[in-house]
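Below, chain A is the first sequence line, B the second, and so on; all start at residue 1.
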Amino acid sequence: MNRPFIELSDVTLRYGRSDNPEATLALARTTLSIDDGDFVALVGPSGCGKSTILKLIGGLLTPSSGGVVVNGREVGDPRRARIGLAFQNPTMLPWLTIRDNVMMPLKIVEPFRSAYRRMKHSEYADRAEALLAAVGLKGFGAKRPWQLSGGMLQRASLCRALIHEPQLLLLDEPFGALDQFTREAAYLANRICVMSARPGRILEDRMVGFPRPRDVAMSYAPEFSELVQALRLRIAEARAPGEPPATPTEEAA
Amino acid sequence: MNALTSLSPRLRQRLMSAAAIVALFLLWELACVAFKVSSIVLPRPSEIFTVLFTKLPLMWPHATQTLYTTLLGFALGTLAGVLIGAVIGMSRVAYDVAYPILVGFSSIPKVAVVPIFVVWFGAGTVPAVLTSMVICMFPVVVNIATGLAHTEPELQDVLKVLGARKLDILWNVGLPRTLPYLFASLKIALTLAFVGTVLAETIAANKGIGNMMMIASGNFDVPLVFAGLFILAAMGVALYVASALIERRFTGWAQRGNELPNG
């Protein structure tokens with residue numbers, strides 16, 4: 001077996017300076033490895049460090065200690081894997097049209113970057129429109145971000161995360177505010193990791209063995225409901241005492 | 001009154017501001033006549049406009065000189081301001097180091113700087129260009145630096161996760177995000193550039209509206225002095241309008257409250 005595609009080894013992340021006693025410990029000695037081609041969902045109570053893990057893998061944060069390796073390269077290496085990331089907030093650039101927003105990765109990421117310069121612009125615009133059409137946003141390419149609803153923006157931001165054919169897709173709360181997500185995760189993912197309240201640790205690592213393709217009927221089968229219920233109970237236990245029973249906010253990696 | 005209310009709101013607004021200007025001149029004219037103000041103290045608008053039309057060929061070279069100097073100083077000042085502002089806005093260290101120097105420098109009255117420029121470069125166009133450049137640089141620096149420093153980290157993350165270089169982020173996120181700030185500062189910088197030019201021209205120049213006004217006031221030709229002021233005001237308004245039009249073209253996304261070209 002090759003090296004796993006993503007390796008977090010003993011990663012700790014502290015927001016703020018390490019000598020500051022008030023620094024928030026977001027993630028405590030987390031070890032996680034994910035194989036190429038896998039679909040993993042991270043679930044857990046709000047504020048448990050799920051977004052932090054995603055940012056570490058995406059290279060937006062540097063671990064306070066421990067190592068993050070993606071595709072055999074330390075994070076921060078410019079030759080690392082192509083990553084697509086869709087955020088909790090759609091974060092569209094307000095001065096660009098939806099189409100130009102979706103095309104942004106092609107302007108930045110090689111090998112598309114060079115081709116973009118060589119006037120492949122219209123071909124890329126077609127590709128962006130095709131992706132938008134696939135998520136039901138046909139004809140919205142020329143609109144500005146503020147002319148779309150929150151859900152539409154989220155779909156457009158999915159297109160932006162996919163247009164450069166990423167080897168790794170990171171989705172941070174991809175489906176909006178959801179108590180639903182546990183269900184969605186069980187329906188979509190191969191593997192679900194339940195995280196504890198802050199500082200986050202992985203409490204449980206569970207394979208989802210339902211055969212594919214999965215259909216809607218399957219999501220009403222008793223064993224599916226049992227899995228969802230077990231997960232929700234686990235998340236409820238993980239929630240720090242005294243914390244309001246907020247909707248569990250999750251993401252998939 | 002009915003005729004006025006039936007006009008479109010926009011046109012009515014225009015008409016009213018034009019009427020206000022005309023009313024101001026009429027009031028001025030009447031006050032001068034009523035209180036028998038000598039034209040050496042305060043010339044009547046009619047006198048000023050007469051001078052404007054009769055001496056236009058004489059004033060034209062001065063006006064173009066001032067316009068040229070101002071635009072050159074403004075362009076250089078904006079360029080320098082954007083560069084300095086970009087460096088300061090991107091780097092915490094540069095911000096801390098350079099800010100006190102900038103504030104100190106901008107607190108110096110620019111009248112005091114003109115003689116130094118004259119010593120270095122001799123009287124003429126160069127000191128005027130430099131004065132207008134240094135006077136209009138500061139607001140641009142501050143606005144660019146503020147705009148860059150306040151760029152939402154989430155917007156930068158969009159590019160960072162793609163492995164974008166710092167220059168990519170500046171070009172694709174930082175600068176577009178800063179454009180509204182830049183245009184706000186350009187309007188201030190533009191009027192300041194005129195101040196700088198005329199200031200230097202009144203001190204050390206042999207051409208330009210400032211120089212012409214100095215000579216005219218030496219000759220007690222007060223209507224000509226006022227004619228010079230009018231020309232300056234007109235050029236200032238014209239350039240302001242031009243910059244506002246360019247602003248709407250480039251930063252429409254930030255002004256969506258108003259009427260917008262794109263639908």
Side-chain angles (χ1 to χ4, degrees), chain A residues 51 54-62 70-71 73 75-98 100-110 112-113 116 142-147 156-157 160-161 163-164 166-172, chain B residues 82 86 89-90 92-93 96 143-144 146-186 244-263:
Chain A
S51 290
L54 258 71
K55 284 183 176 171
L56 282 165
I57 296 173
L60 298 175
L61 289 172
T62 320
V70 177
N71 200 19
R73 299 190 192 282
V75 160
D77 188 325
R79 293 162 305 166
R80 75 219 158 103
R82 277 206 301 275
I83 297 176
L85 172 56
F87 292 89
Q88 224 162 318
N89 307 321
T91 58
M92 290 277 146
L93 306 179
W95 51 89
L96 296 178
T97 60
I98 295 295
D100 287 338
N101 263 296
V102 171
M103 284 162 71
M104 181 55 84
L106 301 178
K107 268 169 92 173
I108 304 294
V109 179
E110 295 288 3
F112 309 102
R113 187 191 178 101
Y116 196 96
K143 299 269 187 203
R144 303 270 165 167
W146 75 79
Q147 294 168 311
S157 106
R160 182 176 60 187
I163 193 158
H164 55 300
Q167 292 157 281
L168 169 63
L169 180 62
L170 301 170
L171 303 174
D172 192 346
Chain B
V82 169
M90 279 199 303
R92 184 77 225 176
V93 179
D96 291 340
N143 274 274
I144 292 278
T146 311
L148 283 180
H150 288 205
T151 302
E152 293 82 349
E154 294 82 29
L155 296 186
Q156 301 181 6
D157 284 353
V158 171
L159 293 202
K160 267 191 206 157
V161 79
L162 299 169
R165 287 176 286 227
K166 225 172 167 176
L167 210 61
D168 287 328
I169 296 176
L170 178 70
W171 187 251
N172 286 301
V173 177
L175 287 183
R177 177 73 187 77
T178 308
L179 268 187
Y181 291 88
L182 174 66
F183 277 107
S185 72
L186 286 191
L245 286 177
I246 297 171
E247 176 178 15
R248 197 179 308 168
R249 166 78 182 75
F250 280 102
T251 64
W253 60 271
Q255 311 176 343
R256 64 189 116 131
N258 310 330
E259 78 260 53
L260 257 187
N262 48 64

- Close side-chain approach of B:Asn172 and A:Leu93, heavy atoms under 4.5 Å: no

- With rounding to the nearest 0.5 Å, note down the distance linking CG in B:Leu162 to CD1 in A:Ile108. 6.5 Å

- Message: How long is the straight-line distance from CG of B:Leu155 back to CH2 of A:Trp95, given to the nearest 0.5 Å?
- Response: 5.5 Å

- Message: If we define contacts as heavy-atom pairs under 4.5 Å, which of A:Pro105, A:Gly84, A:Ser157, A:Pro166 has the most with chain B?
- Response: A:Pro105

- Item | From B:Asp157 atom CG to A:Phe87 atom CZ, the distance as rounded to the nearest 0.5 Å | 4.5 Å

- Just wondering, are more than 12 heavy atoms of other shown residues or ligands nearer than 6.0 Å to CG in B:Leu167? no

